[in-house]
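Chain identifiers are assigned alphabetically (A, B, ...) following the order of the sequence lines, protein sequences preceding nucleic acid strands; residue numbering begins at 1 within each chain.
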Number of protein chains: 2
Amino acid sequence: MTVRMKDIAADLGVSVVTVSRALRNRPDIAEATKARILERVKRLNYRPNLTARSLVTGRSSLIGLVVPDLIHPFFGEIAKGLSARLRDKEYYLIVSSSESDPQLEQDEVEHMLAHHLDCFVVASSRKDTDSLRRIDEAGVPLVLVDRRFPGFASHFVGVDDVKVGELATEHLIAQGCRRIAHIRGPQTSIGNARAEGYSNALARHGIKLPDSYVVACGEASDSDGETRGRRAMEEILALKPCPDGLFCFNDTIAVGAMDRAFEAGLRIPKDIAVVGCGNFHYSSKLKVPLTSIDQKSREIGERIAKLIVSLLEKPHSARSRSIVLEPELIARESSRLR
Amino acid sequence: MTVRMKDIAADLGVSVVTVSRALRNRPDIAEATKARILERVKRLNYRPNLTARSLVTGRSSLIGLVVPDLIHPFFGEIAKGLSARLRDKEYYLIVSSSESDPQLEQDEVEHMLAHHLDCFVVASSRKDTDSLRRIDEAGVPLVLVDRRFPGFASHFVGVDDVKVGELATEHLIAQGCRRIAHIRGPQTSIGNARAEGYSNALARHGIKLPDSYVVACGEASDSDGETRGRRAMEEILALKPCPDGLFCFNDTIAVGAMDRAFEAGLRIPKDIAVVGCGNFHYSSKLKVPLTSIDQKSREIGERIAKLIVSLLEKPHSARSRSIVLEPELIARESSRLR
DNA sequence: CGATTTTTCGTTAGCGTTTACGAAATGTGC
DNA sequence: GCACATTTCGTAAACGCTAACGAAAAATCG
């Protein structure tokens, strides 16, 4: 059925190893025979069986990508950037969308491990490192995206999330807001970092606000971001005096929050200026285009790809590299007050 | 390093095959020994090496997904639905985003073939069947999404695109529009089918319009949908008398077209009612929420998964199955005239 | 209790490739 | 033309698993 090395070797009267050498561009083969073999390979449309190769070399050319939600713009862009860069090196991406379900994520990682992937890229939705530890035990390189786990050895690529919070809050302050609320994310490294940035900026400007100005909106797995944003906005609407600025953990939440604000008769940005995070591609097309912090998702994907390639080409390079990108604020109408 | 069957077998004083039998739940093994083995397997955290298994069984548990653009809401949803359903059966998804580049797509398919995938799911951006034929030659089952290639044997899952065009156009007519323009898609089965539906609906109502009411907007690979939509809208603005209704090939193009219409001082839907296609998740949140035809992307993904599972479980089932779903119109403000 | 069936297990071979090693062919120095 | 290094190739074994077969053990039957 399908053509194997054996067939080509038999056809040309050489041994299988010689064919193998020609295909992998080994030095210990005469140019003439190599040419002869490659000609036949091309003519028969032969492709080496990577499964077999993988079994003996121990390298599968497969990269595992585990994200909470494939359709989420942030992770989607990462997948795209990663895929584009990995292509040249003939690595392929095995993806898993864990639906922000910690148990599912753990199972997926477990199963993917059986495919003997060369590297894992994980944006974990877990609070612990249980699934990551299994990867570590298996001796597979691991790149963390977006989430950090202090004390756990792995590589990291992402933006500086403290700066994200600072950028957003500083911007609102610069626009003249003084009563700035924050719809914070989950109790993870990201959620905490952004909230920390928010506090930093306020402190820097001597603005003191009650704790009630920071409202939680549950976990990513609770329900979709919009309804969580709407719920959080309820709480904010109840604050007296009403905030004049709002920094949301991400754009999806901001969309829900803004929707609710409109229903309450508020005008954006006049009554309350809003800043989101993620700069999702639809954020510029909303009823009121949303100011947002760009997380450089595309660039993150490409940087991960580069990191992986260097990791796999010289396995004993850096033990634990950390690539931190600068976030960027994209100002739009939702915060334009002057 | 990593534990193998051999190790477990040696530990327990049984043969490797016995371990294999226990793991695959074979009938020809005593319950007692099976239990003994499974206990040890669990305790050692053993997972069979799928690469090795794949080499001998010829089945990799890997499904290839080739789409023009992973971040496109339609394909993203499909990937998600597919991944979710395949999970239970322990199949994994290898994805490739071809960036709507026909050459890239061909190369990707070629490379993926080397991984000996169990099945291909392709939303082709090619006009010919060159890459698909290679899949066919390799004897790998193929499911086509969204695009059909008449005369080419494969499975198909997607919506009825003629009906998409009819639904959109009938709706505009029902809203009172009579001069209905169409920004058509590329010269592929989808583009043609939707344009055909548009013509059908007009004919059914005895509406005759000049050819200039159908404007092309280039290929998907030309540039992003929005700028293509803007460009197409230029042509439409030049029509005398100006159309009072517009059916766009997809939502992204509709966004561009509407943007340009706003700039020209038109009001939507009052001056021109707009219907898109795809019902992307941001379409309801636009400045003017967009009426759109839902393509059932999530359902498509799930149906594909079911099809694949049945294909792989009984390989000699139907030769060429075709699953056609009904599109659904979601009415919003952009076409609300009465 | 011996003959026969059924259950349980081990042996051998092979999936398609690469690695390690050694042998043959070719080239180089004098 | 001989000793040696270099280039080019082939043989054997292995990667971790499963398929096919047959042997041993246990169960069933008259």
Separation of atom [atom1] in [X] from atom [atom2] in [N], rounded to whole Å:
X	N	atom1	atom2	value
A:Ile29	C:dA24	CD1	P	20 Å
A:Lys34	D:dT7	NZ	C1'	14 Å
B:Leu23	D:dA19	CG	P	13 Å
A:Arg53	D:dG16	CZ	P	18 Å
A:Leu50	C:dC15	CG	P	18 Å
B:Glu31	D:dA26	CD	P	17 Å
A:Leu55	D:dG16	CG	C1'	5 Å
A:His116	D:dG16	NE2	P	9 Å

(request) Let me know which of B:Lys306, B:His155, B:Arg303 forms a side chain to side chain contact (heavy atoms under 4.5 Å, CB included) with B:Ile323. (result) B:Arg303

Measure from the side chain of [X], starting at C-beta and using heavy atoms only, and say which of [options] lies closest.
X	options	value
A:Asp28	D:dT8, D:dC17, D:dG16	D:dT8
A:Ser15	D:dT11, C:dT8, C:dT17	D:dT11
B:Arg24	D:dA19, D:dC17, C:dT19	D:dA19
A:Ala52	C:dG10, C:dT17, D:dG16	C:dT17
B:Val56	C:dC15, C:dT18, C:dC9	C:dC15
A:Thr18	D:dC9, C:dC15, C:dG10	D:dC9

(message) Quick check on DNA chain D: between A:Pro27 and A:Val17, whose nearest nucleotide comes earlier from the 5' end?
(response) A:Pro27

Side-chain N or O of [X] versus OP1/OP2 of [N]: is the shortest distance under 4.0 Å?
X	N	value
A:Ser20	C:dT18	yes
B:Arg26	C:dC9	no
B:Thr33	C:dT8	no
B:Tyr46	D:dG16	no

(request) Identify which one of A:Glu108, A:Glu105, A:His111 satisfies the side chain to side chain donor-acceptor pair (under 3.5 Å) criterion when paired with A:Ser96. (result) A:Glu108

(request) Indicate the ring-plane relationship of B:Phe75 and B:His72, choosing parallel, tilted or perpendicular according to the 30° and 60° boundaries. (result) tilted

(request) Kindly give the heavy-atom pair with the smallest separation between B:Asp118 and B:Gly58, and that separation in Å. (result) OD1-O, 4.3 Å

(message) Can you confirm whether A:Leu62 sits close enough to B:His115 that some side-chain heavy atom of one is under 4.5 Å from a side-chain heavy atom of the other?
(response) yes

